[in-house]
Amino acid sequence: MLDSVFEELAYGCKMGDPQAMLRMYQWFWSRVPDELKRLDSQYAARCSEESEKELEERLEQNPQEGFRLRAAYTWLTRAAFYGSQAAMDLLEKNPRCIWQGFLPVKSLFFGSGEHSVPITGDTLRALGLSEIKAQGRIRLRGQTEEKTYYYETYAGYEGPDEDGYGMEEEYYYRMYDEFFRYAYVFLGYSREEFERLRPKNLEYRQARETLARERGILEAPSGQAAHRRSPHKAERNADKGWDFVPVYQR
C-alpha cells in the first residue's frame with residue numbers, strides 16, 4: 001500500500017513540479033540498499049566488464065531492488081529536465097542515469113524525435129503514474145511534437161474494399177500529457193491515420209490546453225499555450241562539459 005508521502009509527491013510530479021520529482025527520486029533512492037548503490041557507483045566509475053557483471057548479478061537476484069534503482073533514476077532524469085538544479089548536478093556526475101530509467105528520454109535530451117520502451121502498466125503505476133490504466137505489457141511512445149506520450153491497444157481491422165484492397169489494422173491510442181495525465185483517446189485508427197490526424201484534432205488540442213491550464217502555464221488573456229522556460233541556460237551545460245543539451249533549454 002502506498003504511503004501518503006508517495007501519493008503527495010506523485011501528485012506534485014503530475015502537476016509538473018520539478019522539486020516534487022527530485023523528492024520522488026530521493027524517496028526511491030532511500031530505499032535502494034547500500035550494497036547496490038556501491039555496485040552501481042563502482043560500475044559508473046570503472047565501466048569494466050567485471051563491475052558490470054557484479055551489478056547485473058545483483059539486479060538479477062533482487063529485481064525489486066533493481067526497480068527502485070531504475071525508478072530513482074527515472075525521476076532524477078525528469079527533475080533535471082524540468083529545471084531542478086540539484087538534479088542537474090547529480091546527473092552531471094553520472095550521465096548514464098539518463099538511460100537507466102523506465103521512460104522514453106531520447107526526445108527530451110537529444111531532440112531526435114520520439115522513441116518507445118516496452119513496459120507494463122503495473123510498473124508505470126508503481127512509479128507514481130496513477131492515471132495510466134493499461135493492463136499487461138505495452139509499448140510507451142513519446143514525446144510527440146505535441147509533448148505527449150501514448151500507447152496503443154488493438155481494436156480490430158477494417159476489411160478490404162470490394163476490389164480486395166485496403167485492409168488495415170486499427171488501434172486505440174491513449175494520449176497523456178508530458179506529465180502523464182490522461183488527455184484523450186483516438187478510437188479505431190490505423191497507424192497512418194493516427195499520425196496524419198493527431199496534430200490537427202481539435203478535441204485533442206483542447207484537452208491538452210485544459211490540462212496545461214490546470215497547471216497554470218497558459219496565458220489566460222490570449223488562450224495560447226505558454227512554453228515552459230527553464231531558469232537555466234544551455235551554456236551552463238556546455239560549461240560543465242555535458243555532451244547533450246535538454247531540448248527545453250534550446
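Here the structure is a predicted model, which means the values were calculated and not measured.
- Centroid-to-centroid, the aromatic rings of F186 and Y172 stay 6.0 Å apart or farther.
- Enclosure of atom CD in Q64 by more than 12 non-hydrogen atoms of other residues, nucleotides or ligands within 6.0 angstrom is indicated.
- Q206 and Y204 share no donor-acceptor pair across their side chains, judged by distance under 3.5 Å alone.
- Here the options are R205, R215, R213, K147, the test is salt bridge (charged side-chain N to carboxylate O under 4.0 Å, His left out), and the partner is D177; only R215 passes.
- Judged by the 6.0 Å distance and 45° axis criteria, R198 is positioned over the aromatic ring of F194.
- Expressed to the nearest 0.5 Å, how far CD of Q135 lies from OG1 of T153 amounts to 11.5 Å.
- With respect to E195 and R191, a salt bridge is recorded, a charged nitrogen being found less than 4.0 Å from a carboxylate O.
- With salt bridges taken as basic N to acidic carboxylate O contacts below 4.0 Å, one links E152 and R141.
- No more than 12 heavy atoms of other residues, nucleotides or ligands shown are found within 6.0 angstrom of CZ on R23.
- Using a cut-off of 4.0 Å between Lys/Arg side-chain N and Asp/Glu carboxylate O, R31 and E65 are scored as not salt-bridged.
- Judged purely by atom type and a 3.5 angstrom limit, T123 has no side-chain atom pairing as donor or acceptor with the backbone of I119.
- Heavy-atom minimum distance, H115 versus P104: CE1-CA, 3.3 Å.
- Side chains of T120 and R137: no donor on one and acceptor on the other come within 3.5 Å.
- Closest non-hydrogen pair, E146 versus P199, comes out as OE2-CG, 4.1 Å.
- Of the possible polar contacts, none joining the S41 side chain to the R38 backbone as a donor-acceptor pair under 3.5 Å is found.
- Clustering ILVMFWY residues whenever any of their side-chain heavy atoms sit less than 4.5 angstrom apart, transitively, puts Y149 in a cluster other than the one holding L211.
- In this structure, the separation between CG on L76 and CD1 on I98 is 9.0 Å, given to the nearest 0.5 Å.
- Of the possible donor and acceptor atoms, none in the side chain of E168 sits under 3.5 Å from a partner among the backbone N and O of S190.
- Cation-pi geometry between R68 and F28 is not satisfied (NZ or CZ under 6.0 Å from the ring centre, within 45° of the ring normal).
- Donor-acceptor pairing under 3.5 Å is recorded for the side chains of Y82 and E178.
- Under the 4.5 Å side-chain heavy-atom criterion for grouping Ile, Leu, Val, Met, Phe, Trp and Tyr, L187 is connected to Y176 within one hydrophobic cluster.
- Rounding to the nearest 0.5 angstrom, the gap separating the CG atom in L69 from the CG atom in L55 is 7.5 Å.
- To the nearest 0.5 Å, atoms CZ (R139) and OG (S116) are separated by 4.0 Å.
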Item to check | Y73/F102 under ring-ring contact (aromatic ring centres under 6.0 Å, His included): CA gap, chis, key distance, verdict | outcome: CA-CA 8 Å; Y73 287 158; F102 285 106; over 10 Å; no

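- With salt bridges taken as basic N to acidic carboxylate O contacts below 4.0 Å, none links D40 and K37.
- The pair E56-K53 does not meet the salt-bridge criterion, since no charged nitrogen lies less than 4.0 angstrom from a carboxylate oxygen.
- The minimum heavy-atom distance linking K14 with R181 is given by the pair O-CD, 3.2 Å.
- Contact record, L127 with W75: O-NE1, 3.1 Å, taken as the closest heavy-atom pair.
- Listed for the R125 side chain is a donor-acceptor partner under 3.5 Å among the backbone atoms of I132.
- Scanning all heavy atoms of the two residues, the minimum distance from A10 to G128 falls at CB-O, 3.6 Å.
- Nearest heavy-atom pair, Q143 versus L108, reported as atom, atom and distance to 0.1 Å: NE2-CD2, 3.1 Å.
- No side-chain N or O of E170 forms a donor-acceptor pair with one of Y189 less than 3.5 Å apart.
- Note on Y173 and Y154: same hydrophobic cluster, where clusters join Ile, Leu, Val, Met, Phe, Trp and Tyr whose side-chain heavy atoms are under 4.5 Å apart, directly or indirectly.
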